[in-house]
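Encoded as C-alpha cells, the structure appears first; notes follow it.
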Amino acid sequence: MTWASWTTRGVYSGHGGVLTEEVGPLSGDLTIHTTWAEGTAQITVQYTDAADWFTMAGSPVPCPSEEASRALHAAAVEAVRQGSAATVPVLQLDPEQAAGSE
C-alpha cells in the first residue's frame, strides 16, 4: 500500500474559519493534516496543539496520486486562510498529476 501525509501547523483562519463535519466551524490557530492512501485524500483540522481532530467538510475526496494530494493539501491550507466556512477545495489537476507521474 502506498500512502503519504502532510501537516501544516499555525494556519490562522480567515473570517468564518473552516467547516468541519463533527462540530461545525473552527477558527483561529489551526493545524491542517492530509493523509493520502489508495486513491483517497482525507483532510482533518484541529486547534493547534489540541488533542481532537475534525474532518474538514467535503473530506474524504478521490485523489489519483501522491503529487495531487500534496497539491490538494496546499489548496486546503490556503482555503482555511481565506476562511468563509472553508470546505475541501476542488483541485484542478494538470495531466501529469492526474496520471500520477512524480
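Being a predicted model, the structure only gives us computed values, none of them experimental.
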Side-chain donor-acceptor pair present, H15, S84, cut-off under 3.5 Å: no
May I ask you to decide if [Y]'s main-chain N or O and [X]'s side chain share a donor-acceptor pair within less than 3.5 Å?
{"X": "S27", "Y": "G17", "result": "no"}
{"X": "W36", "Y": "Q42", "result": "no"}
{"X": "S13", "Y": "G28", "result": "yes"}
{"X": "T55", "Y": "S59", "result": "no"}
{"X": "T48", "Y": "L30", "result": "yes"}
{"X": "Q46", "Y": "I32", "result": "no"}

Could you tell me whether D29 and R9 have a side-chain N and a carboxylate O separated by less than 4.0 Å? no
Aromatic ring proximity H33/W6, centre distance under 6.0 Å: no
Pair T7, T31 - check side-chain contact (heavy atoms from CB on, under 4.5 Å), show working. CA-CA 7 Å; T7 302; T31 297; 3.5 Å; yes
Kindly compute the distance separating CG (L91) from CG (L72), expressed to the nearest 0.5 Å. 5.5 Å
The ring-ring contact (aromatic ring centres under 6.0 Å, His included) partners of W3 (sequence neighbours excluded) come to none
Side chain to side chain contact (heavy atoms under 4.5 Å, CB included) involving T87 - partner list, sequence neighbours excluded: L19, A57
Start with the C-alpha distance between H73 and T8, add both sets of side-chain angles, then the distance that settles side-chain contact (heavy atoms from CB on, under 4.5 Å), and finish with yes or no. CA-CA 9 Å; H73 176 78; T8 304; 2.7 Å; yes
Does the pair Y47 and D52 meet the rule for a side-chain contact (heavy atoms from CB on, under 4.5 Å), with working shown? CA-CA 8 Å; Y47 288 110; D52 296 326; over 6 Å; no
